[in-house]
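Chain letters run A, B, ... following the sequence lines, proteins first and then strands; every chain starts at 1.
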Protein chains: 2
Amino acid sequence: MDVEQQTTLAPGQFERIAKALADPRRFAMLSSIGQACDECANQALCRDFPVSKATISHHLKELATAGLVEQVREGQYVNYRLRADVVEAYAAELVRRVARPG
Amino acid sequence: MDVEQQTTLAPGQFERIAKALADPRRFAMLSSIGQACDECANQALCRDFPVSKATISHHLKELATAGLVEQVREGQYVNYRLRADVVEAYAAELVRRVARPG
DNA sequence: CATACAGTTCGACGGTTGTCCAACTGTTTA
DNA sequence: TAAACAGTTGGACAACCGTCGAACTGTATG
């Protein structure tokens, strides 16, 4: 029942990811999620970043909409999991799009 | 007398690149420069993108400041050359920064 | 059921940024 | 040298975005 690995990007996803990565703090959150083994608790982000819950929720929504993280509810808590495959797909697509075909 | 290939990013360059890539039109210009064999004339960009010269100049400055393109003056004209090595260095650093060490 | 807690949504505010026009610098050419 | 052309810079404006507090939804626990 695992989510499938993503090797290619959906239409518009490339642009959404580029925007999601552009804000330093949001990227730091993504990186923080990536550092966690398996999942990262939302509470850990609230503890580690000096911004309000509302702002964290907003950033995480952007990351999720871009497909960079997955949201996992556990009762009243929320955990996040990095989609490393999506990051890698974006990196590959980035290099591909600036390269001359052939 | 070639410029050296860049395999690692300068301090702050990662953030500058992320921001530079975030605007779709600016990225399209970068891609357009990449499609050209060798260099891309500024005039080609002025022809291909429906924005003013001022806007193009602004975007290209951002790309150059991020190190993604090189500016080459030829008399009154300006050409741009893609720094594919920098794009690749960014892509690698991106994957590295979200991955757990080890 | 009531209280407390985790997270989301909403409205507002301020800073950033993409865009243009106009004025400027620098280069070619008549 | 004057006119034309290529590109840059500065100022202005609108749209976007990161941020917060407050109100809300949903979940646990007394």
Side-chain angles (χ1 to χ4, degrees), chain A residues 12-33 36 38-83 90, chain B residues 12-33 36 38-83 90:
Chain A
Q13 191 174 12
F14 184 79
E15 291 76 10
R16 280 193 297 275
I17 292 177
K19 283 201 171 191
L21 297 179
D23 181 62
R25 175 163 287 145
R26 187 160 52 218
F27 179 79
M29 292 178 183
L30 180 67
S31 178
S32 198
I33 293 171
D38 199 24
E39 296 181 356
C40 171
N42 193 2
Q43 305 233 28
L45 299 172
C46 288
R47 168 170 32 86
D48 296 347
F49 290 89
V51 288
S52 70
K53 294 188 305 176
T55 299
I56 291 184
S57 187
H58 166 66
H59 284 317
L60 280 261
K61 189 177 184 178
E62 296 265 316
L63 293 174
T65 301
L68 291 166
V69 300
E70 252 177 80
Q71 203 179 45
V72 182
R73 291 213 80 95
E74 282 201 17
Q76 63 191 132
Y77 302 100
V78 173
N79 294 341
Y80 290 95
R81 188 197 309 266
L82 173 72
R83 288 297 301 264
Y90 171 75
Chain B
Q13 191 173 12
F14 183 80
E15 291 76 10
R16 280 193 298 275
I17 291 176
K19 283 200 172 191
L21 297 178
D23 182 63
R25 176 164 285 144
R26 188 160 51 219
F27 180 78
M29 291 179 184
L30 180 66
S31 178
S32 197
I33 293 171
D38 199 24
E39 296 181 358
C40 171
N42 192 3
Q43 306 233 32
L45 300 172
C46 288
R47 167 170 32 84
D48 296 346
F49 291 90
V51 287
S52 69
K53 293 188 303 173
T55 298
I56 292 184
S57 186
H58 165 67
H59 283 317
L60 280 259
K61 190 177 185 178
E62 295 266 317
L63 293 174
T65 301
L68 290 166
V69 300
E70 251 176 83
Q71 203 180 45
V72 182
R73 291 214 80 95
E74 281 201 15
Q76 63 190 131
Y77 302 100
V78 173
N79 294 341
Y80 290 94
R81 187 197 310 265
L82 173 71
R83 288 295 302 264
Y90 171 76

Measure from CG on Leu60(B) to P on dT8(D) and round the result to the nearest Å.
7 Å
What does Tyr80(A) touch in the nucleic acid at a heavy-atom separation under 4.0 angstrom: a base, only the sugar-phosphate, or nothing?
sugar-phosphate
Would you say Ser31(B)'s side chain and Phe27(B)'s backbone share a donor-acceptor pair under 3.5 angstrom?
no
Between the CG atom in Asn79(B) and the CG atom in Asn42(B), the distance rounded to the nearest 0.5 Å is 8.5 Å
CE of Met29(B) versus P of dG18(C): gap in Å, rounded?
11 Å
Once you round it to whole Å, what is the distance between P of dT9(C) and CD1 of Ile56(A)?
15 Å
Indicate yes or no: at least one non-hydrogen side-chain atom of Val51(A) is less than 4.5 angstrom from one of His58(A).
no
Nearest-angstrom distance from the residue atom CD of Gln43(B) to P of dT8(D)
11 Å
N/O (side chain, Thr55(B)) to phosphate O (OP1/OP2, dT19(C)) under 4.0 Å
no
Would you say Gln71(B) places a side-chain N or O within less than 4.0 Å of OP1 or OP2 belonging to dA6(D)?
no
Length of the line joining Glu62(B):CD and dT8(D):P, which is rounded to integer Å
13 Å
Pairwise distance NZ(Lys61(A)) to NE2(His59(A)) - rounded to 0.5 angstrom:
13.5 Å
From CG of Leu21(A) across to C1' of dC17(D) the rounded distance in Å is 16 Å
Arg25(B) CZ - dA15(D) C1' separation (whole Å)
14 Å
Is there a side-chain polar atom (N or O) of Ser52(B) under 4.0 Å from OP1 or OP2 of dC20(C)?
yes
Assign a letter to each nucleotide of nucleotides 10-17 of chain C from its 5' end: B, base within under 4.0 Å of a protein heavy atom; S, sugar-phosphate only; -, no contact.
-------S
Tell me what Phe49(B) touches on the nucleic acid: a base, only sugar-phosphate, or nothing, going by heavy atoms under 4.0 Å.
nothing
What nucleotide, of dC20(D), dG7(C), dT19(C), holds the atom closest to the side chain of Asn42(A)?
dG7(C)
Please determine which of Ile56(A), Leu60(A), Leu63(A), Leu21(A) meets the side-chain contact (heavy atoms from CB on, under 4.5 Å) test together with Arg26(A).
Leu63(A)
Side-chain contact, heavy-atom cut-off 4.5 Å: Arg73(A) with Val78(A)?
yes
Quick check on dG7(C): is either OP1 or OP2 less than 4.0 Å from any side-chain nitrogen or oxygen of Lys61(A)?
no
The single option from Glu39(B), Glu70(B), Gln71(B) passing side-chain hydrogen bond (donor to acceptor under 3.5 Å, both in side chains) against Arg81(B)
Glu39(B)
What does nucleotides 23-30 of chain C look like as a protein-contact string, B for base, S for sugar-phosphate only, - for none, at under 4.0 angstrom between heavy atoms?
---BBS--
Gap between atom CG of Leu82(B) and atom CG of Leu30(B) - 0.5 Å precision
5.5 Å
Using atom types as modelled and distance alone, determine if a side-chain donor or acceptor of Ser32(B) lies under 3.5 Å from a backbone N or O of Ala28(B).
no
